[in-house]
Structure formats: structure tokens, C-alpha cells
*Asks:* 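The structure under discussion is supplied below as C-alpha cells; questions concerning it will follow.
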Amino acid sequence: MAGGISIHAVDVASGRPANGLRVEIWRIDPEKVRLVDGRLGANGALDHAVAQGARVTAGEYEVLFHLGEFFGDGDAFLTVTPFRFRIKNVDEHFHLPLKFTRWGYSLFRGA
């Protein structure tokens, strides 16, 4: 897959995809624009045109994962988990796999 930003998230404590996890994708530089405010599907993936490259341009991005809301816990340890990265070549695909529990997470650029 060329271009775009895709997300896949799994709650590793339960071993389940993060169905319903709210995710925001912002381009924060050169200007701040929210591209996505959506929820992950039953497979834990974001089904949005941004995954095919829609509105993705060179710049700095921030993805916000609303983990506290996902767990439905007002006293959650993790509330909103941000991930910032830069896109120089819009023809490259940026896959962001998130593995998390109530207490921690791993997030990286995947293949």
C-alpha cells in the first residue's frame, strides 16, 4: 500500500482488537488541521480514507489515542496517548500499530 496513515490497535491484556477506541489524527505543521476523529472497527483498524492517503501532505502529525475513554474509567492511569511523527515523502505508507494495556503501551512505525 503506498501513501496514507493506517492504525491497528490491540488491548494485549485481553488479547482483543481495540474495537471502539477513539482516534484523532492531526497535521500540526505547517498548519494545525484535524484529519480524522473516528473509532476503530471490530478488527481494531481505522477505516478511513486517510489510510489510502486522502489529505496526507508533507508535515508533522500527531495521533491521539483516547485510552482512558476506551476503558470507561474516569480514574484511568493513561488518558490520552499522543504520538508525533513527520512525513516527508507522501508516497510512503505509515502504519502505526498500537499495543496497550491500562498501564502502558508500545507504538511504532510498522511495516
*Asks:* Quick one: closest heavy-atom pair of Gly59 and Pro30, and the distance?
*Replies:*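 Shortest heavy-atom contact: CA-CD, 4.4 Å.
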*Asks:* Under 4.5 Å between side-chain heavy atoms, hopping through other hydrophobics if needed: is there a path connecting Val80 to Ile5?
*Replies:*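 The answer is no; the residues belong to distinct hydrophobic clusters.
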*Asks:* I'd like to know if Phe83 and Val10 are part of one continuous hydrophobic network [Ile/Leu/Val/Met/Phe/Trp/Tyr, side-chain heavy atoms within less than 4.5 Å].
*Replies:* no
*Asks:* Check step by step if ring pair (Phe, Tyr, Trp, His ring centres under 6.0 Å) holds for Phe70 and Phe65.
*Replies:* CA-CA 9 Å; Phe70 176 78; Phe65 297 92; over 10 Å; no
*Asks:* Grab the two heavy atoms, one from Val56 and one from Gly4, that are nearest each other, plus how far apart they are.
*Replies:* CG2-CA, 4.3 Å
*Asks:* Check whether any side-chain heavy atom of Leu98 lies under 4.5 Å from a side-chain heavy atom of Leu21, and answer yes or no.
*Replies:* yes
*Asks:* Rounded to the nearest 0.5 Å, how far apart are OG of Ser6 and CD of Gln52?
*Replies:* 9.0 Å
*Asks:* Tell me whether Val50 is reachable from Trp26 by hopping between hydrophobic residues (I, L, V, M, F, W, Y) whose side-chain heavy atoms are closer than 4.5 Å.
*Replies:* no
*Asks:* For residues Val63 and Val33: do they belong to one hydrophobic cluster (side chain heavy atoms under 4.5 Å, members Ile, Leu, Val, Met, Phe, Trp, Tyr)?
*Replies:*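 Yes; Val33 is reachable from Val63 via cluster members.
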*Asks:* Is Arg34 paired with Glu24 through a side-chain N to carboxylate O contact shorter than 4.0 Å?
*Replies:*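 The answer is yes: the pair qualifies as a salt bridge.
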*Asks:* Nearest 0.5 Å, what's the NE2-CG distance between His8 and Leu46?
*Replies:*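 Nearest 0.5 Å value for the NE2-CG distance: 11.5 Å.
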*Asks:* To the nearest 0.5 Å, what is the distance between CD1 on Ile7 and NE2 on His95?
*Replies:*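 Going from CD1 on Ile7 over to NE2 on His95, the span is 9.0 Å.
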*Asks:* For Gly3, is there any backbone N or O sitting under 3.5 Å from a side-chain donor or acceptor partner on His93?
*Replies:* yes
*Asks:* Measuring only between side-chain heavy atoms, which start at C-beta, is His66 closer than 4.5 Å to Val23?
*Replies:*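 With C-beta onward as the side chain, the pair stays apart.
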*Asks:* Within 45 degrees of the axis of the six-membered ring of Phe94 and under 6.0 Å from its centre: does Arg109 put its NZ or CZ there?
*Replies:*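 Yes, Arg109 lies over the aromatic ring of Phe94.
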*Asks:* I'd like to know if Glu60 and Lys88 make a salt bridge, using a cut-off of under 4.0 Å between side-chain N and carboxylate O.
*Replies:*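 No.
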*Asks:* Does Asp29, at its CG atom, have more than 12 non-hydrogen atoms belonging to other residues, nucleotides or ligands within less than 6.0 Å?
*Replies:*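 Yes.
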*Asks:* Which atom pair, heavy atoms only, marks the closest approach of Leu67 to Thr81?
*Replies:* CD1-OG1, 3.3 Å
*Asks:* So which atom in Leu64 and which in Pro82 form the shortest heavy-atom distance, rounded to 0.1 Å?
*Replies:*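 In terms of heavy atoms, the two residues are closest at CD2-CB, 3.8 Å.
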*Asks:* Measure from the side-chain N and O atoms of Arg55 to the backbone N and O of Val36, and report whether any donor-acceptor pair falls under 3.5 Å.
*Replies:*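 Looks like no, no N/O pair under 3.5 Å.
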*Asks:* Closest heavy-atom contact between Gly20 and Arg39?
*Replies:* O-NH1, 3.0 Å
*Asks:* Asp91 and Asn89: which non-hydrogen atoms are nearest, and at how many Å?
*Replies:* N-OD1, 2.9 Å
*Asks:* Tell me whether Ile28 is reachable from Leu35 by hopping between hydrophobic residues (I, L, V, M, F, W, Y) whose side-chain heavy atoms are closer than 4.5 Å.
*Replies:*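 No, it is not one cluster - the side chains of Leu35 and Ile28 are not joined through contacts under 4.5 Å.
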*Asks:* Out of curiosity, Thr79 OG1 to Glu69 CD, how far, rounded to the nearest 0.5 Å?
*Replies:*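 Reported to 0.5 Å precision, the distance equals 11.0 Å.
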*Asks:* Which residues pass the side chain to side chain donor-acceptor pair (under 3.5 Å) test with Arg102, not counting sequence neighbours?
*Replies:*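 Partners of Arg102 by the side chain to side chain donor-acceptor pair (under 3.5 Å) criterion, ordered by chain and then number, come out as Asp73.
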*Asks:* Is the closest side-chain heavy-atom distance between Phe71 and Asp11 below 4.5 Å?
*Replies:* yes
*Asks:* With side chain to side chain contact (heavy atoms under 4.5 Å, CB included) as the criterion, how do Glu92 and Ile87 come out once you've worked through the C-alpha distance, each side chain's angles and the decisive distance to 0.1 Å?
*Replies:* CA-CA 8 Å; Glu92 291 183 40; Ile87 294 177; over 6 Å; no
*Asks:* So how far is it from Thr101 OG1 to Leu78 CG, rounded to the nearest 0.5 Å?
*Replies:* 7.0 Å
*Asks:* To the nearest 0.5 Å, tell me how far Phe108 CZ sits from Phe85 CZ.
*Replies:* 14.0 Å
